[in-house]
Undergrad: 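One structure, pasted below without further comment.
In what follows, chains carry the letters A, B, and so on, assigned in the order in which the sequence lines appear, proteins first and then strands, with residues in each chain numbered from 1. Keep in mind that the numbers below use all heavy atoms, side chains included, and drop hydrogens, waters and symmetry copies.
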Number of protein chains: 2
Amino acid sequence: MSEARRHLDQAEALCRERGVRLTPQRRTVLRLICEAERPLSAYEILDRMHQGARRPAPPTVYRALDFLLQQGLIHKIESLHAFVGCKHPQHPHTGQFLVCTDCGRVNEIHGRPLEDGLQQAARQAGFHTRKPVVELLGTCAHCHGRDC
Amino acid sequence: MSEARRHLDQAEALCRERGVRLTPQRRTVLRLICEAERPLSAYEILDRMHQGARRPAPPTVYRALDFLLQQGLIHKIESLHAFVGCKHPQHPHTGQFLVCTDCGRVNEIHGRPLEDGLQQAARQAGFHTRKPVVELLGTCAHCHGRDC
DNA sequence: TCATAGTTGTTACATTATAACATTTCATCC
DNA sequence: GGATGAAATGTTATAATGTAACAACTATGA
């Protein structure tokens, strides 16, 4: 089964469990994000939504994105204004990302020491973190040392 | 001496050392950023630049911001589309930020363990980091537990 | 069936950012 | 001082990203 397909099925199941509706529109947006091999901007998604038919207006895609973000099915990469599928939507979490500026691909990483370090640094300042944004921009292993 | 004033003098000295020009326009943008007690968007800076005179066009402020970013005199907070003064411009560095979504203030933090954790996580994936974006959004000690 | 909450459609507009080219200013050399 | 080239700024237009507000539709349960 394809990676994208697995994501969609899992999302379907999660939404059923949670009693929220993964409508066709939302499903389409999620599918487009999962099928892409790099983050898509809202307007790239819009462009891919109108297969023959008329292109929907921006609020359409932004509303679907809001829903998917709330459900933890996708993440937003702030420094790219773009969206990627979440690799582990079962338990809601924030992501840390390795963003390759050569090939455009994004890797979601996890690491106790990393997350602990962040939490500790925040706590030292009496700060309560609600939404960490951690995006390392650079060159991935694949692209490093070659033209891309 | 005021905090903002100290920043400006330091910037002045650094630019002289480096042989780059902190022109009046760039200095004004830096001053506005340093005087503000929260991050300013490019257009907020534009609004504050025209004291009586005609408001400059966007490229004016974006060019000044580019210069200041290059010189490490300011940082951009990606998740806010806004700019803050750098607390330690002597040696170029990337910043980690605690962004209070109540009062809007931003705290620049530093921590070996944090930075090491990030670098280690990246290296494990064979990733070469060029520009880390670390912004923890939440509530600062001052705002936590009260209306703000 | 009817009420209602949730979802989608639609128009208009706000905000953020850059491309492209003209003009001016500055430092340097002669 | 005047010529020259590089850097900085001015100007116009437009691209890219994101939201407010209200109308219309749809699924679902009382």
Side-chain angles (χ1 to χ4, degrees), chain A residues 11-12 15-16 18-30 32-33 36 38-50 53-71 73-84 101 104 131 133 135 137, chain B residues 11-12 15-16 18-30 32-33 36 38-50 53-71 73-84 101 104 131 133 135 137:
Chain A
E12 206 88 69
C15 287
R16 217 175 308 122
R18 296 173 186 169
V20 296
R21 291 167 56 198
L22 186 63
T23 62
Q25 192 124 238
R26 292 166 174 172
R27 196 175 195 285
T28 300
V29 171
L30 180 58
L32 289 169
I33 291 173
R38 56 175 187 78
L40 295 182
S41 77
Y43 282 76
E44 285 173 328
I45 294 168
L46 269 178
D47 287 339
R48 295 177 189 202
M49 282 177 82
H50 77 316
R54 174 176 173 199
R55 173 181 146 144
T60 298
V61 75
Y62 278 104
R63 285 194 281 231
L65 290 170
D66 283 347
F67 171 86
L68 298 171
L69 285 169
Q70 267 175 35
Q71 296 302 319
L73 298 172
I74 61 173
H75 294 293
K76 176 169 188 180
I77 308 295
E78 295 288 343
S79 51
L80 299 181
H81 309 290
F83 303 84
V84 290
T101 51
K131 183 196 172 200
V133 173
E135 301 167 3
L137 279 63
Chain B
E12 205 87 70
C15 287
R16 217 176 307 121
R18 296 172 187 170
V20 297
R21 292 166 55 198
L22 187 62
T23 62
Q25 192 123 237
R26 291 166 175 174
R27 197 175 194 286
T28 300
V29 171
L30 180 57
L32 290 169
I33 290 172
R38 56 175 188 76
L40 295 182
S41 77
Y43 282 75
E44 285 174 326
I45 295 167
L46 269 179
D47 288 338
R48 296 177 188 201
M49 282 178 82
H50 76 316
R54 173 176 173 198
R55 173 181 144 143
T60 299
V61 75
Y62 278 104
R63 285 193 281 232
L65 290 170
D66 283 347
F67 171 85
L68 298 171
L69 285 169
Q70 266 174 38
Q71 295 301 320
L73 299 171
I74 61 173
H75 294 292
K76 177 169 189 182
I77 309 293
E78 295 288 344
S79 50
L80 298 182
H81 307 289
F83 302 85
V84 291
T101 51
K131 182 195 174 202
V133 173
E135 303 167 4
L137 280 63

Undergrad: Kindly give the heavy-atom pair with the smallest separation between B:Arg18 and B:Gln71, and that separation in Å.
TA: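 Closest approach of B:Arg18 to B:Gln71, heavy atoms only: NH1-O, 2.8 Å.
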Undergrad: Check every strand shown and say whether A:Pro59 touches a base, only sugar-phosphate, or nothing at a heavy-atom separation below 4.0 Å.
TA: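 Here A:Pro59 touches the bases of the nucleic acid.
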Undergrad: Specify the separation, in whole Å, of atom CG of B:Asp47 and atom P of C:dA14.
TA: 14 Å
Undergrad: With the side chain of B:Thr60 defined as its heavy atoms from C-beta on, choose the nearest nucleotide among D:dG10, C:dG9, D:dA8.
TA: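 Among D:dG10, C:dG9, D:dA8, the one nearest the side chain of B:Thr60 is D:dG10.
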Undergrad: Rounded to the Å, how far apart are A:Glu78 CD and D:dG18 C1'?
TA: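 Interatomic distance, CD of A:Glu78 to C1' of D:dG18: 12 Å.
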Undergrad: Using OP1 and OP2 only, check whether a side-chain N or O of A:Ser41 sits under 4.0 Å from D:dT17.
TA: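 For D:dT17, OP1/OP2 do have a side-chain N/O of A:Ser41 under 4.0 Å.
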Undergrad: Below 4.5 Å, heavy atoms only, C-beta onward: do B:Ile74 and B:Val29 meet side chain to side chain?
TA: no
Undergrad: Specify the closest pair of heavy atoms between B:Leu30 and B:Ala11, including all atoms of both residues, with the distance to one decimal.
TA: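 Scanning both residues, the minimum pair turns out to be CD2-CB, 3.4 Å.
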Undergrad: In this structure, how many angstroms lie between the P atom of D:dA13 and the OH atom of B:Tyr62, rounded?
TA: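 Whole-Å distance recorded here is 19 Å.
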Undergrad: Between C1' on C:dT15 and CZ on B:Arg55, what's the gap in Å once rounded to a whole number?
TA: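 My rounded result for the distance is 11 Å.
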Undergrad: Strictly below 4.0 Å: does B:His81 bring a side-chain N or O up to OP1 or OP2 of C:dT15?
TA: no
Undergrad: What is the distance from CE of A:Met49 to P of C:dT8, rounded to the nearest Å?
TA: 9 Å
Undergrad: Please name the pair of heavy atoms, one in A:Met49 and one in A:Thr60, separated by the smallest distance, quoted to 0.1 Å.
TA: CE-CG2, 4.3 Å
Undergrad: Using OP1 and OP2 only, check whether a side-chain N or O of A:Lys76 sits under 4.0 Å from D:dG18.
TA: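 Affirmative; the distance criterion is met.
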Undergrad: Is there a side-chain contact between B:Leu40 and B:Arg48, using heavy atoms and a 4.5 Å cut-off?
TA: yes
Undergrad: Using every non-hydrogen atom in the two residues, find where B:His81 and A:His81 come nearest and quote the distance to one decimal.
TA: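 Nearest pair, atom of B:His81 first, then A:His81: CE1-CE1, 2.9 Å.
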Undergrad: Between C:dT8, C:dT10, D:dT17, which nucleotide gets closest to the side-chain atoms of A:Thr23?
TA: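 When the side chain of A:Thr23 is considered, C:dT8 is the closest of C:dT8, C:dT10, D:dT17.
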Undergrad: Tabulated below should be each protein N or O lying under 3.5 Å from an N or O of nucleotides 22-30 of chain D; please produce it.
TA:
none

Undergrad: Could you tell me how far apart B:Arg26 (CZ) and C:dC26 (P) are, to the nearest whole angstrom?
TA: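 Going from B:Arg26 (CZ) to C:dC26 (P), I get 12 Å.
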Undergrad: Closer to the 5' end of DNA chain C via nearest nucleotide, is it A:Val20 or B:Tyr43?
TA: A:Val20
Undergrad: Compare every heavy atom of A:Arg38 with every heavy atom of A:Glu44, then report the nearest pair and how far apart it is.
TA: OE2-NH2, 3.3 Å
Undergrad: What's the CZ-P distance between A:Arg27 and C:dT8, to the nearest Å?
TA: 14 Å
Undergrad: Between D:dA8 atom C1' and B:Leu22 atom CG, what is the distance in whole Å?
TA: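 Value for this atom pair: 13 Å.
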Undergrad: Kindly point out which of C:dA17, D:dT12, D:dG18 is positioned nearest to the side chain of B:Ala42?
TA: C:dA17
